[in-house]
Amino acid sequence: MSQGEFSLYVRTSEDVKTVIEHAKLSENDLKSNVQPIYFSDSFEKYKMLELDEHILKDLKCGQKVVFKGEQNESAVLCTENKTYDVKEAETSNSILLLPELTFPNEDVVDEQLTIRKVVSLFHTYYEVKPCRPRLKKLRNLLEKCSYKGSELENEVLTSNEMYNFEKLSALIQASDNELKCALKDLGAFQIDGYWRVLEFDYECRTLSFLLNLIDEQSWPYNMFPMEECSKILNELLPPVIVEHIIDKYSVWCVSMNLSQTHRSLIEDKVCRFMAVGLLRPCDKFNLSDFKTAWQGSVPEGMTTNLKQLEGTVLVDLSSHPQTICYFNEQELPDNIMDRMQYLFEVRGKWTFNEIQPFVEKLATDKVNVNNLLAKYARATNVDGIRFYCSKHSKHNK
C-alpha cells in the first residue's frame, strides 16, 4: 500500500498471528522480529549494478572504481587495473530495495514489529564484463600535440591541446595501469608534466642523429658510451628529446662492467622504424627492392627480417612482382566487428599467419585469436592451405 493509505491501516501483532495461523506455522519456529513492508510515496533514483568478485574486492580495499565515457561513448567501468563494459540488462522478477531490512542471520533482541519501506523498484540492472581498454582516442589526442621541434613549441602550447595524466585518465576509457602501459607502447614521454609523442618526421631526424653519431664515432651499435653520446647530441637537440630517443631505442648493456656506462641499440625497434620510414611515403614497394633498401638503411651489424614488421605491413606474395606496403595495426578500428569487416575489404582472404598480427591485440584470456576467427570469419581450404574470409564473401567457395 502507499504511504497515503498507511495512516488508514497499519499491520498489528494480531494480524501477524492470523497470517501465521493461516500458513499453518508455529510462532516458536519463527524469528521474533516481524517486518511489515510498505511502498514509499516516491522512489529514489537509484541504479542497480552487478559487480564481480574482483571489483567488489577493490571496493572493499578502498581502491578507486570509476565510470568513464563521454556523451558519444558507451560507458565503461574502470578499476586500477581492469576495464569493464557496462550494459543494461532486464530481469524477469521485480527487485525491491529496502535499505534497513533485517535478515534471518542477524540477531534481534526484542520481539517487535518493524516497519520497512521500499525506496526503489527495479526491472533492469547494469551488468559488467571485462573488456579491452579503448585506446584509439589516446593516439589521436597525443598526435594533435606531437613534438615537432623547439621552434614549433609555441604553436602547440597555445593550442590548449595538452594533456597531463589526470586529464588523459578522465578522457580515455581504460584503467590507470592500462593507460600507463598504452603510453609506453606509444613511445610517449613527458615534457613539463604533459604527455607527448614525437611527430614522425621529427623522430626520423632525431633517430638519424643518434645512428649517424654511432657510425661516425665507429662505436659498435650494441655498445656505445651513454655519457659521451648524450653530451654530443645535447648540442643538436633539447636534452629531454635526447634522453627520450636514447631510452626508446636502446637499453643498458648486459655486461656487468658496462651496465651503467654503455647502451645497446634495440635491433628490432630500429629496424622496424627504418622500414616504416621507407614505406610510409609510397602506396606499394617492390618487395625485393624494399629488402635491399631496408638492409642498407640500418646500422652495420644489424640484420633485417620481415618478422620484425608483423602488424605494420602487408606483404603480397601472389602479385608479380611481389609487393609490400605500410599497414599499421594501431590505426585499425578497436571494435572487433568493424576491424574484421575492414580487414576483409582490404584483402578477401587471409592465412592465419597473415591475419593474426592484426587480430591478436583484441584477444583476451578467455577468447583467443582462433575463437575470434571462428566467430567473425569463415574458414576454407584452397589447395591444402587454410584461408579465412568474410562470412558473406564470394571467397567462401
Minimum heavy-atom distance between [X] and [Y], given as atom pair plus value:
| X | Y | value |
| --- | --- | --- |
| P357 | G311 | CB-N, 3.5 Å |
| E127 | K129 | OE2-CE, 4.1 Å |
| H262 | W252 | O-CE3, 3.3 Å |
| P239 | N234 | CA-OD1, 3.4 Å |
| C145 | Y163 | SG-CD1, 4.2 Å |
| G348 | C389 | O-CB, 3.2 Å |

Heavy-atom distance under 4.5 Å between the side chains of [X] and [Y], does that happen here?
| X | Y | value |
| --- | --- | --- |
| L317 | V315 | yes |
| F352 | L373 | yes |
| V359 | L343 | yes |
| L279 | I324 | yes |
| V66 | L77 | no |
| L213 | F224 | no |
| T124 | T91 | no |
| L135 | Q173 | no |

Pair [X]-[Y], side-chain donor/acceptor within less than 3.5 Å:
| X | Y | value |
| --- | --- | --- |
| Q190 | R196 | no |
| E80 | S175 | no |
| T12 | D15 | yes |
| S390 | R378 | no |

Are [X] and [Y] linked, directly or through other ILVMFWY residues, by side chains that come within less than 4.5 angstrom of each other?
| X | Y | result |
| --- | --- | --- |
| L98 | F39 | yes |
| Y46 | L96 | no |
| Y194 | I172 | no |
| V367 | F358 | yes |
| L332 | V369 | yes |

If only atom types and distance count, is the side chain of [X] paired as donor or acceptor with the main-chain N or O of [Y] below 3.5 Å?
| X | Y | result |
| --- | --- | --- |
| D338 | P333 | no |
| W294 | C271 | yes |
| D289 | N286 | no |
| Q295 | T304 | yes |

Answer yes or no: does atom [atom1] of [X] have more than 12 heavy-atom neighbours from other residues, nucleotides or ligands under 6.0 Å?
| X | atom1 | value |
| --- | --- | --- |
| N140 | CG | yes |
| E345 | CD | yes |
| E331 | CD | yes |
| E300 | CD | no |
| D383 | CG | no |
| E70 | CD | yes |
| M302 | CE | yes |
| E243 | CD | no |

Quickly, which of E203, H244, E267, K269 forms a side chain to side chain donor-acceptor pair (under 3.5 Å) with Y249? Name it, please. E203
Should K87 and E50 be marked as a salt bridge (charged side-chain N to carboxylate O under 4.0 Å, His left out) after you check the CA-CA gap, both sets of side-chain angles, and the distance that decides it? CA-CA 10 Å; K87 297 291 185 183; E50 181 183 59; over 6 Å; no
Tell me whether the NZ or CZ atom of R280 lies within the 45° cone about the ring axis of F200 and under 6.0 Å from its centre. yes
Lys/Arg cation over aromatic Y38: K117, 6.0 Å, 45° cone: no
Can you tell me how far apart [atom1] ([X]) and [atom2] ([Y]) are? Round to the nearest 0.5 Å.
| X | Y | atom1 | atom2 | result |
| --- | --- | --- | --- | --- |
| T79 | K57 | OG1 | NZ | 11.5 Å |
| D185 | E178 | CG | CD | 11.5 Å |
| Y388 | T351 | OH | OG1 | 9.5 Å |
| R347 | F327 | CZ | CZ | 8.5 Å |
| M223 | S264 | CE | OG | 9.5 Å |
| W350 | M340 | CH2 | CE | 9.5 Å |

Just do the side chain to side chain donor-acceptor pair (under 3.5 Å) check on Q35 and R116 with the steps written out, would you? CA-CA 6 Å; Q35 302 172 84; R116 303 301 187 195; 3.0 Å; yes
Under the side-chain contact (heavy atoms from CB on, under 4.5 Å) test against I241, which residue among L198, I246, L236 passes? L198
Would you mind telling me which of T83, V76, I55 makes a side-chain contact (heavy atoms from CB on, under 4.5 Å) with V128? I55
Walk me through it: do D85 and R134 pass the test salt bridge (charged side-chain N to carboxylate O under 4.0 Å, His left out)? CA-CA 10 Å; D85 198 15; R134 299 171 185 173; 3.0 Å; yes
Decide salt bridge (charged side-chain N to carboxylate O under 4.0 Å, His left out) for E21 and K24; before the verdict, give the C-alpha distance in whole Å, the side-chain angles of both, and the deciding distance to 0.1 Å. CA-CA 5 Å; E21 290 175 4; K24 297 182 179 180; over 6 Å; no
Under the criterion side chain to side chain contact (heavy atoms under 4.5 Å, CB included), I'd like the reasoning laid out for C325 against V313: C-alpha separation, chi angles, the key distance, then a yes or no. CA-CA 6 Å; C325 67; V313 300; over 6 Å; no
Go through the steps for L121 and S94 under the test side chain to side chain contact (heavy atoms under 4.5 Å, CB included), then give the verdict. CA-CA 7 Å; L121 173 66; S94 298; 3.7 Å; yes
Tell me whether the centres of the aromatic rings in Y147 and Y202 are closer together than 6.0 Å. yes
Are F285 and Y326 an aromatic pair by the rule of ring centers under 6.0 Å? no
So does D334 pair up with R132, basic N to acidic O under 4.0 Å? no
Run the salt bridge (charged side-chain N to carboxylate O under 4.0 Å, His left out) check on K68 and E73 step by step: do they pass? CA-CA 9 Å; K68 294 185 181 182; E73 298 171 328; over 6 Å; no
